[in-house]
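Worksheet for the structure shown next.
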Number of protein chains: 2
Amino acid sequence: MIEDNEKTGINDIARLANVSKATVDRVLYNRGRVSDETREKVLNICKELNYQPNILAQRLASDKVYRLAVLIPKSTPDNPYWEYPLKGIENAEKEVENYGIKIKKYFYDLKDIRSFRKESLQVLTSDPDGIVFAPEFNRESIEFSQKCSHKKIPYIFIDSNLPKQNHLSYFGQDTYQGGYLAGKLLSLHLKKHSEVLILNFANELANYPHFMDREKGMRDYFTEHNYHGKITSLNISPDQETELKEIVKGKLHRRTRGLFITSSAHKVARQIQKTGKGNLMILGYDLTTPNLKYLKNGIIDFLICQKPVTQGYLSIMALFDHLVQKKDIQKSNFMPIEIIAKENYQYYLDSNI
Amino acid sequence: MIEDNEKTGINDIARLANVSKATVDRVLYNRGRVSDETREKVLNICKELNYQPNILAQRLASDKVYRLAVLIPKSTPDNPYWEYPLKGIENAEKEVENYGIKIKKYFYDLKDIRSFRKESLQVLTSDPDGIVFAPEFNRESIEFSQKCSHKKIPYIFIDSNLPKQNHLSYFGQDTYQGGYLAGKLLSLHLKKHSEVLILNFANELANYPHFMDREKGMRDYFTEHNYHGKITSLNISPDQETELKEIVKGKLHRRTRGLFITSSAHKVARQIQKTGKGNLMILGYDLTTPNLKYLKNGIIDFLICQKPVTQGYLSIMALFDHLVQKKDIQKSNFMPIEIIAKENYQYYLDSNI
DNA sequence: AAATATTGCGGGAACGTTCCCGCATAATAA
DNA sequence: TTATTATGCGGGAACGTTCCCGCAATATTT
């Protein structure tokens, strides 16, 4: 048995091929002109010895700096969701900064489409080597994607997906399936003629497709499992939020046993806490600080989560793998759909895990 | 504003302190004799410039090889659980091999305490720089821990914890809380006078404390939530497994609506599939291949999981961080307790996530 | 045929560390 | 006093790459 214990390096290849290491380098990375004959020879030897470049030495020697751009919504007190993907991005940043990766972040306002236009333009003019972005505004995002494609800048979608684009990868949730799972959870609590209320906050227009998918997932679950109780939807627009209490109260039927809130559940939970929740099972989305409060005190029964921190982390890492390590990246990466309750939330606060 | 854009290196420190880089190195890593005066000066400058060593260059220049040992149970067809931590360990291995980390794996038989003695001895004589091990056999593991401590080899517990040991860290489940959560899930399905059956396979003696904790967690949930239905436990020993069908059938009361199996749920599910499950809600542990089959076909309703792949991955990474990066390691790392159902298992098959 | 351009390749500095070797000077021992 | 040892420090090779510079040999143009 041959001891291939000692790592073969570019020098070994060069020696065996009777060329200089510069030539090996040229062959491996198409950096210059080499005769077909030498190229052949070098490649064969590399394959034979299963040459793996030492990535440490590579990054150390190379002065190339990869500049990445991140374009995501800004977090707000009302909806702090985006602070989590950002945290993941920053975790990744620490890990790769030694490898010559520089990350610049751009934030847009989910309630202001112009801010997206403005920031996305900024990103383009900065001409980065790779982009992570959240395509929440459909039309504008498609436009932006196409510009990136045109400039040959690899880009990754996070949190939302746009089909038929030329993106390198997608990291995010399977929105429909999350709603479907929520249906299963609710159904454990429902009786034959119970009613269900689904609440959407329609004020963040960009997010609306998400909410619709979630609702559809839940409704499909009930349909597929022959549940025939009444299911009502309610879309709350920004100008109605002050009267939330009355609206919710008005819609909560005596027989309602399920309440599914597709975003910012804490707003509703706050009202319900005042009136008492009775027999209701309440399901919301995302382990954000305001939601957590109501999970802890028992108003919210379950939160469906999609690993927002991991989404951010993996997006950056994928770009790193693609650019630096030249690895192949999976195009679609759905995050696990997590079920979080009062009894297990504490293990999800920690970060990436 | 000062541009500290350019990374400060050991050379910059040396120049500013009017010493050679060798001296800076000596100061930073206590490698030799330096006068207090110089030491002081160098340290101050480092602090001032917030010097962060370039880990790439460090590992490249250093010929030090860290040898890690992993000592875990071997996976069996009957209980393939341990193939998952192993996978995580191998994932980590790929990531750190460029950093001069070599990992050697030792496996023992959960049903044979002598194999643990033998393998643990092997580990000790190989005199590694760090150890990851699963302390399933209490008595022997404590002994082994103490030997490691004595030899000043840092060691990490995986999957099971031993209190009061001198371990560097623990990665694993909070067994009790898992059972507690299972209690909550079951309770969604129970009616006022339903009965619950808890099944333990007592044939892997080493695992028995796990099972007991799980049972206790569930029982406590019920107690704390004033549930007064009958709860029966059944411990199945190796010689009874052939008659599993009759035993289970005999214990399944007409009013039993909950079945909690603390390990290898597939064995029971297989029998239940034949007789029909009726109104039963069945809860098991771990998303292993045989369990998955019965989750898919609806016999098992929920599996409680503890990120076995991540446990393996993080254990190695922690040792890496400790040895190579000299980072501080958290002593206790509980994995998230995951609820897996037919509707979301597909997102958990992928690896580390 | 001479001048110029292209092709194929090697030499070697640089990246930021680690760590060995050896040299002064100071402290201690004889 | 002289010999020996201890202390404090600098020089510089090495790690495995990247990439610039430049030099022959060959091909093309004038």
Side-chain angles (χ1 to χ4, degrees), chain A residues 4-43 45-46 49-66 97-102 323-326, chain B residues 4-43 45-46 49-66 97-102 323-326:
Chain A
D4 64 327
N5 217 343
E6 289 312 304
K7 273 272 181 188
T8 53
I10 209 174
N11 279 305
D12 305 305
I13 308 289
R15 200 173 346 100
L16 286 168
N18 257 320
V19 295
S20 75
K21 57 191 160 71
T23 300
V24 177
D25 185 63
R26 272 185 284 261
V27 170
L28 290 176
Y29 304 102
N30 305 307
R31 271 194 242 274
R33 299 156 302 201
V34 205
S35 72
D36 290 352
E37 196 188 349
T38 336
R39 178 186 312 281
E40 199 72 357
K41 196 169 28 165
V42 168
L43 285 177
I45 295 179
C46 284
L49 297 193
N50 184 30
Y51 167 69
Q52 303 281 36
N54 181 324
I55 193 188
L56 301 184
Q58 273 184 333
R59 292 311 307 159
L60 185 62
S62 165
D63 48 358
K64 167 95 184 126
V65 169
Y66 291 97
E97 65 183 359
N98 265 321
Y99 289 84
I101 305 277
K102 287 221 181 339
L323 292 170
V324 180
Q325 315 227 46
K326 320 281 180 209
Chain B
D4 65 328
N5 216 343
E6 289 311 304
K7 273 273 182 187
T8 53
I10 208 173
N11 279 304
D12 305 305
I13 308 289
R15 198 170 350 99
L16 287 167
N18 259 320
V19 295
S20 73
K21 57 189 159 73
T23 300
V24 177
D25 185 65
R26 272 184 286 260
V27 170
L28 290 176
Y29 304 102
N30 306 308
R31 270 194 245 274
R33 300 156 302 199
V34 205
S35 72
D36 289 352
E37 196 187 349
T38 339
R39 177 186 312 281
E40 199 72 358
K41 196 167 29 163
V42 168
L43 285 177
I45 295 179
C46 284
L49 298 192
N50 185 31
Y51 166 69
Q52 304 281 32
N54 183 322
I55 194 190
L56 300 185
Q58 272 184 333
R59 292 311 306 159
L60 186 61
S62 165
D63 47 357
K64 168 92 183 134
V65 168
Y66 291 98
E97 66 183 358
N98 263 321
Y99 289 83
I101 306 276
K102 288 222 183 335
L323 292 171
V324 179
Q325 315 227 45
K326 320 283 180 207

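Letters A, B, ... mirror the listed sequences (proteins, then strands); counts begin at 1. Just so it is clear, the model here is predicted, and its values are computed rather than measured.
Between A:Val42 and A:Ala17, the closest heavy-atom pair is CG2-CB, 4.0 Å. Taking every heavy atom of both residues into account, A:Ser20 and A:Ala14 meet most closely at C-CB, 3.7 Å. Across B:Ile10 and B:Tyr51, no two heavy atoms sit closer than the pair N-CE1, 3.8 Å. Of all non-hydrogen atoms in A:Leu28 and A:Cys46, the two that sit nearest each other are CD2-SG, 3.9 Å. A pairwise comparison of heavy atoms in A:Arg26 and A:Val34 identifies CB-CG2, 3.9 Å as the closest pair. Shortest non-hydrogen contact noted between A:Lys21 and A:Asn11 is CD-OD1, 3.2 Å.
Contacts between residues 35-43 of chain A and DNA chain C, defined by a heavy-atom separation under 4.0 Å, are made by A:Ser35, A:Thr38.
Between the CD atom of A:Gln58 and the C1' atom of C:dG16 there is a distance of 17 Å, rounded to whole Å. Atom pair A:Arg59:CZ and C:dT17:C1' shows a separation of 17 Å (rounding to whole Å applied). Distance A:Asn98 CG to C:dT17 C1': 12 Å, rounded to the nearest Å. Counting to the nearest Å, the C1' atom of C:dT7 and the CZ atom of A:Arg31 are 19 Å from each other. To the nearest angstrom, P of D:dT18 lies 8 Å from CG of A:Leu28. B:Ile10 places its CD1 atom 14 Å from the P atom of D:dG11, with the value rounded to the nearest Å. Distance B:Ile13 CD1 to C:dG16 P: 13 Å, rounded to the nearest Å. Computed from coordinates, the A:Asn54 CG to C:dC15 C1' distance equals 13 Å when rounded to whole Å.
Taking side-chain N and O atoms only, A:Tyr51 has a distance below 4.0 Å to OP1 or OP2 of D:dT17. Proximity of B:Ser62 to the phosphate of C:dC19: a side-chain N or O atom is located under 4.0 Å from OP1 or OP2. Contact between the side-chain N/O atoms of B:Ser20 and the OP1/OP2 oxygens of D:dG10 is found at a separation under 4.0 Å. Between B:Thr23 and D:dG10 there is a side-chain N or O to OP1 or OP2 distance below 4.0 Å.
Backbone-only engagement by B:Asn18 is indicated by non-hydrogen atom pairs under 4.0 Å involving sugar-phosphate atoms exclusively.
Nearest-nucleotide positions on DNA chain D place B:Arg26 closer to the 5' end than the other of B:Leu60 and B:Arg26. Mapped onto DNA chain D by nearest heavy atom, A:Arg33 and A:Ala22 fall at different nucleotides, with A:Ala22 at the one closer to the 5' end.
Here the straight-line distance linking atom NZ of B:Lys64 with atom CG of B:Leu323 works out to 8.0 Å at 0.5 Å rounding. Between the CD atom in B:Gln58 and the CG atom in A:Asn98 there is a gap of 9.0 Å [rounded to 0.5 Å]. With values rounded to the nearest 0.5 angstrom, B:Leu56 atom CG is found 9.5 Å from A:Asn54 atom CG. Going from atom OG1 of A:Thr8 over to atom CZ of A:Arg15 covers 10.5 Å, rounded to the nearest 0.5 Å.
A donor-acceptor contact under 3.5 angstrom links the side-chain atoms of A:Lys21 to the base of D:dT18.
Computed from C1' positions of five pairs at each end, the angle between the two local axes of the helix from C:dA1-D:dT30 to C:dA30-D:dT1 equals 40°, rounded to 10 degrees.
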